[in-house]
**Student:** 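Here it is, the structure in full.
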Amino acid sequence: MERRAIQELARKARVYGPEYAEWALRRRRLEKFAALLESTEGPVRLFSTMECYSKRERLAMRLERSPLALAWQDAEFRRDGLRGDSVGAGVEFFNLSMREAHGLLCDCGYGGMAMFRTPLSHLVAQRARRLAAKRCWTEWRHLFADWADAIATRIGARASV
C-alpha cells in the first residue's frame, strides 16, 4: 500500500472529514431505528408536552413502550453504545438536537395523524427517515463544488468549440 498526503488525494478524489463520518453514523442509526419502529407490533407511546419541561427534565424523561424504549430493547443498538431509554440517551446516541428530539418523540406533533389509521410507530419511522435524509454541511459543500465544476466544464466546452 502506498502512503499519500491528504492534500494529494484531495486533488484526485473527494475527501471527507470526521464531521461527515459522524453524520453518516447518525444516518445509519436513524435508518435502523425507522426499520425497527416499522417492524414493531403493538402500540407505541410518545412523550407528552416535552416542551413544558426544563432541558434537564426532558433529557431524563423515560416512558414504557416509547420509541426509545423499543430501541433500548435492540441488542445491536446497546452494543453500539445506546446507554438507556431516556431522551438524553437517545439524543446522544442518534446525534439529535433537542428540537429534532421533540419533533420525533413528543405527541404534540402527531395530533391529527391518528385519523389516517396509520400506526403511530410508522409515523415516527417516517420522521426518523426524514431526519436521516438531512444533509450535513460537508455534503452541501461537495454538492455545490460538483455543481460549480459542472458549470465550469460546460463553459470550457463551449469556449473550445
Side-chain angles (χ1 to χ4, degrees), residues 6 10 13-150:
I6 296 279
R14 183 173 293 145
V15 177
Y16 291 99
E19 71 279 356
Y20 181 76
E22 290 175 19
W23 204 263
L25 180 62
R26 165 193 155 108
R27 183 171 290 145
R28 185 180 62 78
R29 286 176 174 175
L30 284 169
E31 285 290 343
K32 182 176 178 348
F33 185 46
L36 176 74
L37 289 167
E38 287 176 340
S39 68
T40 297
E41 297 289 327
V44 172
R45 296 175 60 204
L46 296 173
F47 297 96
S48 185
T49 61
M50 283 177 71
E51 67 279 4
C52 296
Y53 296 92
S54 69
K55 183 176 181 179
R56 180 183 297 175
E57 290 171 319
R58 276 180 280 161
L59 290 173
M61 289 177 130
R62 297 177 66 223
L63 183 64
E64 194 173 314
R65 294 290 303 164
S66 73
L68 294 174
L70 298 173
W72 174 243
Q73 292 172 1
D74 185 73
E76 188 177 332
F77 278 147
R78 287 196 312 274
R79 195 172 39 254
D80 287 347
L82 182 59
R83 293 182 301 113
D85 62 352
S86 68
V87 171
V91 163
E92 181 184 329
F93 182 74
F94 293 109
N95 196 13
L96 300 172
S97 68
M98 288 306 291
R99 175 175 278 176
E100 290 170 333
H102 176 260
L104 183 65
L105 303 169
C106 186
D107 65 355
C108 66
Y110 294 90
M113 303 289 190
M115 294 173 23
F116 298 120
R117 300 188 190 274
T118 303
L120 188 56
S121 59
H122 290 236
L123 296 173
V124 178
Q126 287 173 354
R127 289 191 185 188
R129 283 213 166 84
R130 250 183 268 136
L131 287 173
K134 283 176 66 175
R135 296 183 187 273
C136 69
W137 170 245
T138 302
E139 289 175 301
W140 284 113
R141 190 176 73 232
H142 285 296
L143 282 172
F144 181 74
D146 289 346
W147 174 75
D149 288 345

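Predicted model, so just to flag it, every value in this text is computed and none were measured. All values below were derived from every heavy atom in this structure, side-chain atoms included, with hydrogens, water molecules and symmetry-related copies excluded.
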**Student:** Would you say CZ of Arg129 has more than 12 non-hydrogen atoms from neighbouring residues, nucleotides or ligands within 6.0 angstrom?
**Tutor:** yes
**Student:** Could you grab the distance from atom OG of Ser121 to atom CD of Glu38, nearest 0.5 Å is fine?
**Tutor:** 8.0 Å
**Student:** Which heavy atom in Leu36 sits nearest to a heavy atom in Ala71, and how many Å separate them?
**Tutor:** CD2-CA, 3.7 Å
**Student:** Measuring from Leu59:CG to Met50:CE, what's the distance to the nearest 0.5 Å?
**Tutor:** 8.0 Å
**Student:** Can you tell if the side chain of Leu37 reaches within under 4.5 Å of the side chain of His122, non-hydrogen atoms only?
**Tutor:** no
**Student:** Look up atom CZ in Phe93 and atom CG in Leu30, then write down how far apart they are to the nearest 0.5 Å.
**Tutor:** 9.5 Å
**Student:** Looking at every non-hydrogen atom in both residues, tell me the closest pair between Phe47 and Leu68 and how far apart they are.
**Tutor:** CE1-CD1, 4.3 Å
**Student:** Please check if the side chain of Arg27 supplies one atom and the backbone of Ala132 the other of a donor-acceptor pair under 3.5 Å.
**Tutor:** yes
**Student:** How close do Leu105 and Leu46 get, counting heavy atoms only, and between which atoms?
**Tutor:** O-CB, 3.4 Å
**Student:** Looking only at heavy atoms, which two atoms of Arg29 and Phe94 are closest? And how far apart?
**Tutor:** O-CE2, 3.6 Å
**Student:** Between Val124 and Pro67, which heavy-atom pair has the shortest distance, and what is it?
**Tutor:** CG1-CG, 4.0 Å
**Student:** Pick from Glu31, Glu92, Glu100: which one makes a salt bridge (Lys or Arg N to Asp or Glu O under 4.0 Å) with Arg26?
**Tutor:** Glu100
**Student:** Write down the atom of Ala69, the atom of Asp85, and the distance for their closest heavy-atom approach.
**Tutor:** CA-CB, 3.7 Å
**Student:** Considering only residues two or more places apart or on different chains, which pairs with a residue in residues 43-55 satisfy side chain to side chain donor-acceptor pair (under 3.5 Å)?
**Tutor:** Ser48-Asp107, Glu51-His102, Ser54-Glu57
**Student:** Roughly how far, to the nearest 0.5 Å, is CG of Asp80 from NZ of Lys32?
**Tutor:** 8.5 Å
**Student:** So do the side chains of Phe33 and Leu131 get within less than 4.5 Å of each other, counting heavy atoms only?
**Tutor:** no
**Student:** Has Arg58 got a side-chain atom pairing as donor or acceptor with Met98's backbone, closer than 3.5 angstrom?
**Tutor:** no
